[in-house]
Amino acid sequence: MKHQIEIFTLSVFIVIFISMFGLRDRAFASENLQPVHPLPSAQHDTKASALSQELIRVAAQAKPSVVGVLVKIKPQHMTKPSMFPFFLQNSTSAAQDEEELSPDEEERGNGAGVIIDPEGYIITNNHVVDGAYDIRIQLDSQEIIPATIVGSDPTTDLALLKTSMRKLPALRWGDSTRLQVGEIVVAIGNPFGLTQTVTMGIVSAIGRDTIGVSDYEDFIQTDAAINPGNSGGALLNLRGELVGINTAIFTENGGAAGIGFAVPSQIAKTISILLRQQGKVIRGWMGIAVQKLSPDLARWFKVSDHHGVIVTDLAADGPAEQANLKKGDIIQGLNGIKISSPHQLHALVAQSPPGTTIFISRIRNGELREVRVKMIERQSSSPETVEIQKILPHQNILSDIEVEPLPSDLAKDRKGVLVSEIPLGSPADISGLEEGDIVVEVNQGAIESVEDFDKVRRAHKNLEQVLMLIRREDTNMFLIVGPTPHQKTISGLDKQ
């Protein structure tokens, strides 16, 4: 009897609970309440479907134009791993990797390439084919055909290949200058030997120029998944146009980390034309070294507009020196284009053919003038336009610096004094000046001997700041000696 009562009570409770649940649902319906997470609307479904169809169309059209590049390379030519590894996939087995290969043995690598002309021209990365003695192309049909190198340009890490096969499906070039951050892009390549792999992402950044992969950098950064073996593959916009050649990734473990870099199509297209015409790239040269104009240097030179670069060195009798450019000049424009970094100036100069005249906007003593510079051909031994990676304008006082005459081997072709000792933790040390630096100028006055430096030290002992031009590892850089407004604050030396 007791058991029957318990069952009856439980049944009543269940009926009441179900009734309440039904009433609650009817209340929700009567009040027209919406669920917390509404189902996608028909319009949302339509947009998602449209995007999906666009990606399917781009992939279907582009895949036949992206080929595998199979190479045989002597071991000494294989690329060493780094934080910015190239996408070349080494197909040597792990067991073989553990053993040192003899010079007669070969390693095989897989990269990718893009057909850019139906007549058999294919663009890829230089590091894919560098040192290769056998190159073969794997087509969409899986047919493998031989290829030869038309020309290569290590400074942009691009190479042009040629096959004997005709009527190949070529991709059309897109305009990489129109890319915007956030724009959807598609990457196609040959990661880990998995031919014609398609991934999607967005443009994460444009104009990346301090990656350290090549001499001339203006990379597109993307988070489209790309891995070893993607080198030379295509980066496409949603119109199916080639906007970049995938070149390098940032990774700590060798896999995709959502940070990839591609050479923009505007550079790749120009280089491919030059390689096809002459087998190499001939670049302009003006014989100049520069560093970025920091806010502190801008204040020192009394420049209100902080964009530009400052000249730190000139090649003797080079085009820039012949045009009367000088150390300390601030370059703010080239042919009407605003200059914001050394890499930008470097690239624009290189793109100016030998024999042409470029127009440099420079500031000297607060006066803006336009200077005409006639380009000459850059030789392999010509010094490049160099960006100083670390400019450290901190407090300094000349009395802390011990100097000595230049050693005889250095004194033959340069002037200045050698910094021999800086007390650890002293203002000079904090300033970024290092032992072994050569002091070339102080306040734009030449220093040719220890006596010159001592004379300047006495003359400037009461000044809060001086400007030094020093030479470090064959590169000149300006250094502000004395507390800058920024450094006064963080060091507790603010006297105001």
Side-chain angles (χ1 to χ4, degrees), residues 58-74 77-79 86-92 106-154 156-173 186-199 226-236 240-242 244-248 262-263 265 268-269 271-277 279:
V58 169
Q61 290 182 354
K63 281 173 63 180
S65 302
V66 181
V67 300
V69 179
L70 314 177
V71 297
K72 294 179 181 179
I73 304 175
K74 291 296 183 182
H77 289 286
M78 295 301 290
T79 304
F86 299 120
F87 300 147
L88 183 63
Q89 169 63 23
N90 178 10
S91 60
T92 305
E106 67 183 25
E107 294 201 25
R108 298 172 183 239
N110 298 327
V114 182
I115 301 170
I116 57 172
D117 189 299
E119 294 302 300
Y121 288 94
I122 297 166
I123 192 167
T124 186
N125 285 133
N126 176 68
H127 74 261
V128 171
V129 296
D130 185 29
Y133 63 88
D134 185 272
I135 303 172
R136 298 180 185 274
I137 301 300
Q138 184 174 12
L139 301 175
D140 179 46
S141 63
Q142 301 304 305
E143 182 180 1
I144 297 178
I145 57 177
T148 57
I149 299 176
V150 176
S152 61
D153 182 42
T156 55
D157 195 19
L158 293 172
L160 186 66
L161 308 180
K162 179 73 166 64
T163 72
S164 59
M165 186 170 287
R166 301 292 186 269
K167 297 182 180 180
L168 294 176
L171 276 179
R172 67 181 184 274
W173 290 102
V186 174
I188 305 180
N190 190 23
F192 302 107
L194 301 172
T195 58
Q196 297 182 318
T197 295
V198 180
T199 56
I226 38 187
N227 287 281
N230 272 98
S231 275
L235 189 70
L236 309 163
E241 298 169 332
L242 181 64
I245 302 297
N246 299 323
T247 299
V263 177
S265 61
K269 183 178 180 180
I271 296 300
S272 68
I273 292 172
L274 293 174
L275 292 177
R276 184 170 178 174
Q277 291 174 344

CA sep, side-chain torsions, deciding dist, call: Ile73, Tyr133, side-chain contact (heavy atoms from CB on, under 4.5 Å): CA-CA 6 Å; Ile73 304 175; Tyr133 63 88; over 6 Å; no
Side-chain heavy-atom pair Leu235, Leu242 within 4.5 angstrom cut-off: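 Not touching, per the 4.5 Å side-chain cut-off.
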Side chain to side chain, Glu119 and Leu168, heavy atoms closer than 4.5 Å: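 A side-chain contact is absent here, since even the closest heavy-atom pair is not under 4.5 Å.
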With rounding to the nearest 0.5 Å, note down the distance linking [atom1] in [X] to [atom2] in [Y].
X	Y	atom1	atom2	answer
Lys162	Ile135	NZ	CD1	14.0 Å
Asn126	Ser231	CG	OG	10.5 Å
Leu171	Ile123	CG	CD1	11.5 Å
Gln138	Ile144	CD	CD1	4.5 Å
Asp140	Thr195	CG	OG1	8.5 Å
Leu275	Tyr121	CG	OH	11.0 Å

Gln196 and Asn190 side chains, donor-acceptor separation under 3.5 Å: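 Side chains of Asn190 and Gln196: no pair found under 3.5 Å.
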Residue list, side chain to side chain contact (heavy atoms under 4.5 Å, CB included) with Leu274, at least two apart or on another chain: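 Partners of Leu274 by the side chain to side chain contact (heavy atoms under 4.5 Å, CB included) criterion, ordered by chain and then number, come out as Thr270, Gln277, Gln278, Val281.
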Give me the atom names and distance for the closest heavy-atom approach of [X] to [Y].
X	Y	value
Leu161	Val69	CD1-CG1, 4.3 Å
Val114	Gly232	CG2-O, 3.5 Å
Thr163	Ala147	CG2-CB, 3.9 Å
Ala234	Asn246	O-ND2, 3.2 Å
Ala268	Leu158	CA-CD1, 3.7 Å
Ile115	Pro64	CD1-O, 4.0 Å

Report yes or no: does [X] contribute a side-chain atom to a donor-acceptor pair with the main-chain N or O of [Y] at less than 3.5 Å?
X	Y	value
Asp157	His127	yes
Arg166	Ser164	yes
Thr124	Ile122	no
Lys63	Thr197	no
Ser65	Pro169	yes

Atom NZ of Lys269 with >12 non-hydrogen neighbours under 6.0 angstrom: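 Count not over threshold, so no.
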Audit row: Lys72, Arg136, side-chain contact (heavy atoms from CB on, under 4.5 Å) steps and yes/no: CA-CA 9 Å; Lys72 294 179 181 179; Arg136 298 180 185 274; 5.6 Å; no
Worked verdict on Leu160 versus Ile116 for side-chain contact (heavy atoms from CB on, under 4.5 Å): CA-CA 10 Å; Leu160 186 66; Ile116 57 172; 3.9 Å; yes
